[in-house]
Amino acid sequence: MKVKLWLLDLNQEFLSGKDAVFLWGISNAGKRVLLVDDSVESFFFLKPLNGVDPDEAVRAAFPEGKRHGVTRMEVCDKLVLGKPVRVVKVCVDRSDNVEKAAGRLEKLKLFEKAYESDLRLSTRYLLEKNLTPSSWFEAEVEKNPFLPSIPNVEAFKVNAVRPLEEEKPPELRVMAVHLLKVGGKGSPKPEYDPIVAISTYDGKELKQYRFDGKTDRFLIEGFLDQVKKFDPDVIVGYGITEDWSYLAERCKRVDVQLEVGRNYAKPHTSVFGHVSVTGRINIDLFHNARENPQLTEYTLDEYAESLGFSVGQMIPEHKYSEYLSNPLIAEKLFKQSEECSKLIYRIWTILSDFAIQLSQITGLPIDHVFTASSGHRAEAYLIREAYSMGELIPPRVEKPYIPYAGGLVLQPQKGVYENVSVLDFSSMYPNIMLKYNISPDTYVQEGKECEDCFVSPESKHRFRKDYRGVYTRMLQNLLASRKAVREELKLVEEDSVKYRILDARQKALKILANTLYGYAGWVGARWYLREVAESAAEWGRYTIRMAIKKAEQLGMKIIYGDTDSIFVIDGEKLNELSRWIEHELELETRVEKKYRRILFTEAKKRYGGLLENGRLEVVGLEVVRGDWAEIAKDTQLEVLRIMLETMDVNKAVSYVRRIMAEIREGKVDMEKMVIWKRMTKPPEAYEVRAPHVLAALELSKKGWRIDVGDKVGYVITRGTSRIGERAKPYQLVESKDIDYEYYVKNQIVPAALRILEVFGVDEQTLLREPRKGLMAFGTE
DNA sequence: CGGGTCGTTCACCGC
DNA sequence: TAGCGGTGAACGACCCGG
């Protein structure tokens, strides 16, 4: 019989002496289904050394292979970086023996290296069958008495599968989970702090299981019953990776089995520390929060706010214990846990489309989408592309790292300009890589012959024209799909489900395409080739230089430019320029922005301007930096606004003086003086005793846990020693100890002068007491 | 030994 | 656990004159 399924999750099992892949899905009739496929074979490839005949190699190596589970060896034709190669396919009795056999055989003096021995069986299965997670497929199945029996899930043995085109995902049962953990002192420890409550929300029903005063056994059981009863397809939490291990430890103590998988299995750790729950999608939104470096503390409320949710004041974690021990306010804590589960649910609703699309496109299971880095996402896609071409997937190996030159940045002349347009190349690197067929498998090594090649402008790297590479194919597919999606988007109503799905898809496609250039230059990549990244950058610089030259020929004034953009004074020649670029350079451009007025300092990558709609945009300046005190950023923004809107220097100067006075009078909140910096290594590992390092050391001495990646907030206090030693964690400082002069001299003055310098204001002018009866500035 | 110069370390941002 | 280009603060080694 045939079934139509949406692939939720897959895992590998060893069943009656054979490897099997378990496919967990939802049928088009809404049934939860398990398909078992034990027809999958484990294998890898060996490339013979130069001069070694593959058939000879098989005969010589087979006896040794047999001892390590090799069942069969055969010679076959594959591609290695675009070149046809006869390689040996090695089949192994079970997947556990793959790496072992590959390691042994590689050592024989017959082979250069092994390919695809580091692919997991489930990955191989998806490739072989051309399936992707989070997509529909059709399976030819039959009942079989030896299959595991699982409540509420129909199990079948699979005979054949084929992918389907259908887009719309089925209705998923989603359960958001929040654990309320409270530590007596410091952070809660599962060894002695029981769970206080678990809240769940499924979009309709809110449940909460509470500590009964003696044991958390019953609340855990209550929660587990609810999981079994509701049988979620998706379990989503914030920090749920940690919650699972906390739960596991608690379960051990109170003698409960943490059976949350569809097969009753406990949660288990898979790649990159990601936790899987068999048969379900386990999503930790914390991983998504971690992608946003703007966040300081990575609390749920901060994360939710960054996504546009308005969340009221939440009880901070260090006060949990205080709340819990006071019956008058304890209820607030429980209420908050409930609200958290609702919030987690709502966040998932807005992220799920994007996650599903990314999963479909890359072929990564949906719960890996958030944990995988952008490099791994691109790589997952490349693996599929390579597989379909018959190209062997290179192993991850350590390679030496050689830096190369990147984008071109023009030096701006400081000053204010009016009517400036920004002409951007659309997806410059992807389009350049496409245009010149830049790919690791089209690269022609030095000394090798090549009749018809693209030659990079500076290093003269060559790329063959007669063959489309993995990168080229990937980009062609991504950009073509994106174009098609965007065309379709135009015909779809904006509020519809279809619009949401398509928009998520086109965004995912764009992100993947843009990642590929960086991927090429990443030493950790399977398809790393410095020459690829280097050439793309060279052609990028060449392109922007050509555009500038043409603009100048047309009599246009170039104000600035960075990598893929040029800033020009708007005029009737702009259209001519972009037409020329499209025609001669064969690249698309867009007028991305128009500034009514824009200010440049003498520095690159730092400017601010008034857009046509009146919005003030700031790039690179202190205003947008996370490591300046709020008060300095606010002041700079206001100075910039005054100057761009009114060009009134006196007004700006007196504004700054007013703020300086307020600081000295102690009228500014300490909160606005906190400087945040991220720890990039453990405090002891620093060579320099920088302010944030000393502040971090002081915090850890007081018992705070400071991890790499945490942001430390400090203020500068009064004293005569160097700044670093006067930097104190803001939590430990009273506002009377703050060194106001530091904030005036090292924060307000430099931030304000950055702008005012352009108008000839210097430090002395700014600091001088305004004289009575005279204008504040500009009368001398 | 205090004050200045200057190279280095560090974090962050732009694209 | 994607790349390079770029700015600017603070440290700390060093020099200098006293």
Side-chain angles (χ1 to χ4, degrees), chain A residues 271-274 287 290-291 293-294 296 368 371-382 396 398 401-412 422 424-425 427-429 511-530 532-534 536-538 540-541 544 560-566 592 601-607 617-629 632 675-681 685-694 709 711-712 714 716 720-727 742 745-747 749-751 753-754:
Chain A
V271 278
F272 312 128
H274 166 75
H287 291 128
R290 274 272 142 165
E291 275 184 52
Q294 303 278 70
T296 54
H368 285 47
T371 49
S373 67
S374 50
H376 282 104
R377 290 174 194 163
E379 190 153 279
Y381 189 102
L382 276 175
R396 279 215 181 90
E398 255 186 67
Y401 161 74
I402 304 165
Y404 65 91
L408 182 72
V409 189
L410 302 186
Q411 185 68 55
V422 184
D424 268 33
F425 285 86
S427 299
M428 187 199 233
Y429 285 132
I511 288 173
L512 269 179
N514 286 338
T515 304
L516 196 60
Y517 158 72
Y519 173 86
W522 169 40
V523 270
R526 288 179 193 266
W527 280 279
Y528 165 72
L529 194 61
R530 191 203 80 242
V532 163
E534 191 168 43
E538 280 175 20
R541 294 191 295 267
I544 201 107
Y560 177 64
D562 186 347
T563 309
D564 62 354
S565 65
I566 48 178
E592 199 56 50
T601 65
E602 66 273 42
K604 297 170 177 179
K605 296 182 187 280
R606 310 185 116 221
Y607 55 89
E617 187 169 87
V618 183
V619 177
L621 295 167
E622 283 72 6
V623 172
V624 296
R625 293 183 64 96
D627 56 351
W628 281 72
I675 298 163
W676 293 91
K677 276 205 167 77
R678 196 177 298 282
M679 299 298 292
T680 57
K681 44 187 146 180
Y686 282 86
E687 292 184 38
V688 179
R689 287 177 306 158
H692 71 294
V693 178
L694 292 172
K711 273 193 178 176
V712 176
Y714 63 88
I716 304 300
T720 50
S721 51
R722 71 167 94 73
I723 293 166
E725 282 170 29
R726 290 187 282 128
Y742 170 84
K745 188 165 169 293
N746 295 39
Q747 293 276 324
V749 167
L753 278 183
R754 202 86 60 214

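Note that the coordinates shown come from a computational prediction; the quantities given were computed from them, not determined experimentally. Order of the sequence lines fixes the chain letters, A, B, ..., with proteins taken first and strands second; residue numbering starts at 1 for each chain. Below, all heavy atoms of this structure are taken into account, side chains as well, without hydrogens, waters or symmetry copies.
A donor and an acceptor atom never sit less than 3.5 Å apart when one is taken from the side chain of A:Lys604 and the other from the base of C:dG6.
The interatomic distance linking A:Glu622 (CD) with B:dC12 (C1') rounds to 11 Å, in whole Å. Whole-Å rounding puts the A:Lys745 NZ to C:dA9 P distance at 11 Å. The CH2 atom of A:Trp676 sits 15 Å away from the C1' atom of B:dA11 (whole-angstrom rounding). The nearest whole Å value for the distance from the OH atom in A:Tyr429 to the P atom in C:dG3 is 14 Å. As rounded to whole Å, 10 Å separates atom P of B:dA11 from atom OH of A:Tyr714. In this structure, the CZ atom of A:Arg726 is 12 Å from the C1' atom of C:dA10, given to the nearest Å. Regarding A:Tyr517, its OH atom lies at a distance of 8 Å from the P atom of C:dG5, rounded to whole Å.
The closest side-chain heavy-atom distance from A:Pro691 to A:Tyr714 is below 4.5 Å. Here the side chains of A:Gln747 and A:Ile716 are not in contact, with every heavy-atom distance at 4.5 Å or above.
Between A:Trp522 and A:His376, the ring planes lie perpendicular to each other; the angle is over 60°, past the 30° to 60° tilted range.
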Any N/O pairs under 3.5 Å between the protein and nucleotides 3-5 of chain B? List them or say none.
none

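Within 4.0 Å (heavy atoms only), A:Ala537 reaches no atom of the nucleic acid at all. If you check every strand for non-hydrogen atoms under 4.0 Å, A:Val624 touches sugar and phosphate atoms only. No contact: A:Tyr381 has no heavy atom under 4.0 Å from any strand. Residue A:Thr680 is in sugar-phosphate contact alone, with no base atom involved, counting any heavy-atom pair closer than 4.0 Å across all strands shown.
An OP1 or OP2 oxygen of C:dG12 is reached within less than 4.0 angstrom by a side-chain nitrogen or oxygen of A:Arg689. Contact check, A:Asn746 against C:dA10: a side-chain N or O comes under 4.0 Å of OP1 or OP2. For A:Tyr401 and C:dC4, the shortest distance from a side-chain N or O to OP1 or OP2 is below 4.0 Å. The phosphate of B:dA11 (OP1 or OP2) has a side-chain N or O of A:Tyr686 nearer than 4.0 angstrom. Note on A:His692: a side-chain N or O is less than 4.0 Å away from OP1 or OP2 of B:dA11. At the phosphate of B:dG14, neither OP1 nor OP2 sits under 4.0 Å from any side-chain N or O atom of A:Arg625. A:Arg606 has no side-chain polar atom (N or O) that falls below the 4.0 Å cut-off from OP1 or OP2 of C:dG6.
Of the two residues near DNA chain C, A:Gln747 and A:Arg541, the one whose nearest nucleotide lies more 5' is A:Arg541.
Between the A:Arg678 side chain and the A:Pro293 main chain, a donor and an acceptor come within less than 3.5 Å of each other.
One axis for each end of the helix from B:dC1-C:dG17 to B:dC15-C:dG3, each built from five base pairs, and the angle between them comes to 10° at 10° resolution.
With respect to the salt-bridge test (charged N to carboxylate O, under 4.0 angstrom), the residues A:Lys604 and A:Asp562 do not qualify.
Nearest to the side-chain atoms of A:Tyr404 among the listed nucleotides C:dG3, B:dC12, B:dC10 stands C:dG3. You'll find that the side chain of A:Tyr607 is closest to B:dC15, out of C:dC4, C:dT7, B:dC15.
With sequence neighbours left out, A:Glu534 forms a salt bridge (charged side-chain N to carboxylate O under 4.0 Å, His left out) with A:Arg530.
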